[in-house]
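Just so you know, ligand 1 is whichever comes first in the structure, and atom 1 is the first atom listed for that ligand.
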Amino acid sequence: MSQKIIVLPGDGIGPEIVAEGIKVLDKVREKFRLDLEWETALMGGVAYDKTGKPLPDETLDLCRKADAILFGAVGGPQYDSAPRELRPERGLLALRAELGLFSNLRPAVLFPQLAEASTLKPEVVSGLDIMIIRELTGGIYFGQPRGIETLPNGERRGFNTLEYTESEIERIGRSAFDIAMKRDKRVCSVDKANVLEFSELWREVLESVAKDYPEVTLSHMYVDNAAMQLVRMPKQFDVIVTTNMFGDILSDAAAMLTGSIGMLPSASLDANGKGLYEPIHGSAPDIVGKGLANPLATILSIAMMLRYSLGAEDAAVSIENAVSSVLDQGFRTADLGGGENAAKTAEMGDAVAAAL
Ligand code: IPM
Ligand code: MG
């Protein structure tokens, strides 16, 4: 039976980069004779404009039935005035929560050809290969109560709740250790246990999970130090496991180590390996429609999709090799320092498809 992918281009540069991803997917489907089909659905601001909801029920249903989901980006300044519950970002958060996509894998890998593109010195980043595992369906992103209220004195108060249960911590911990077993067997758990109670519990649970993985070394680091270490000596890390918000922040920083945020793919997985795949960079409203967006994070997200949800490791590797080969050929989008001769979004996509 053929495998079904739901494609959610979303907003901003989402449709542009997803179009390049689909070119590449079409090419690997042919090359590896994969029995894949896909269907596009509405999500984000564009869904809100057309249906009044950022995550229409129909889209959610399609995603529930799919084998994997390819997602572009959501959001844009035109939605800042929409009711908070209906903003495009809420659609993405709801999708993550509804599908139980708690384990977010964000690999920061430096292609050697891009060592010069990073704002950090080549010797600091060359050979970089970090896997950030971000908890994706809990923590302050979802904790209740939340809101903005008006106090009796007329002043307003904004509040959110940061909470984690033991079972939520345990399952993300297991994800991280399972992945570390296939890598260098080192897990660094990032928290703020010197100040926050939830972090104390996080540490305790991670320590107890570690007992089941005697071959893996577990260390702990406070998040402020981790932010510093990521730009100081990033190669010290193998797997980083952390909370939803810390992971959001640290993965943007880690992305820049790889030359550009336009390079970082991600996988968001449920307990059974079904996943949503997306570039981590967002909708970039400032460059929409100019052909400036780098499609490589999306293309590399498709490689992750083939690897983690569709059981096609060989196709995944061939996409990664094709990306490496177009970088060898000198293709650079503007964010990678392409300068005057920068490759446009579609040229980059065509080049990867051709390299396949
Ligand atoms: C990300 C993004 C999202 C997040 C936004 C768009 C809701 O920044 O995937 O990192 O904060 O999780
Ligand atoms: Mg983010």
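No donor-acceptor pair under 3.5 Å is formed between the side chain of Ser118 and the backbone N or O of Ala115.
Classification of Glu39 and Lys65 as a salt-bridged pair fails, no side-chain N sitting under 4.0 Å from a carboxylate O. Between Arg332 and Glu116 there is no salt bridge, since none of the side-chain N atoms of the basic residue sits less than 4.0 Å from a carboxylate O of the acidic one. Checked for salt-bridge contact, Arg174 and Glu170 meet the test: a charged N lies under 4.0 Å from a carboxylate O. The pair Glu20-Lys23 meets the salt-bridge criterion, with a side-chain N (NZ, NE, NH1 or NH2) lying under 4.0 Å from an Asp/Glu carboxylate O.
Residue Met245 does not touch ligand 1, judged by heavy-atom distances below 4.0 Å. Counting heavy atoms closer than 4.0 Å to ligand 1, residue Arg90 contributes nothing at all.
Among protein heavy atoms, the minimum distance from atom 10 (O) of ligand 1 is reached at Asp248 OD1, 2.9 Å. At the top of the distance list for atom 11 (O) of ligand 1, counting protein heavy atoms only, stands Tyr141 OH, 2.5 Å. Among protein heavy atoms, atom 1 (C) of ligand 1 sits closest to Arg106 NH2, 3.4 Å.
In terms of polar-atom proximity, defined here as any N/O pair under 3.5 Å, Glu89 makes no such contact with ligand 1. When only interatomic distances are considered, the shortest N/O to N/O separation between Arg134 and ligand 1 falls below 3.5 Å.
Close approach of ligand 1 to Arg96 (heavy-atom distance below 4.0 Å) involves ligand atoms 1 (C), 4 (C), 9 (O), 12 (O).
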Could you walk me through whether Glu16 and Val288 pass the side chain to side chain contact (heavy atoms under 4.5 Å, CB included) test, one step at a time? CA-CA 8 Å; Glu16 299 169 47; Val288 172; 3.8 Å; yes

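Remark: Thr59 OG1 to Leu95 CG distance equals 9.0 Å, nearest 0.5 Å.
Look at Asp248 and the Mg ion (ligand 2): an N/O/S atom of the residue is under 2.8 Å from the metal.
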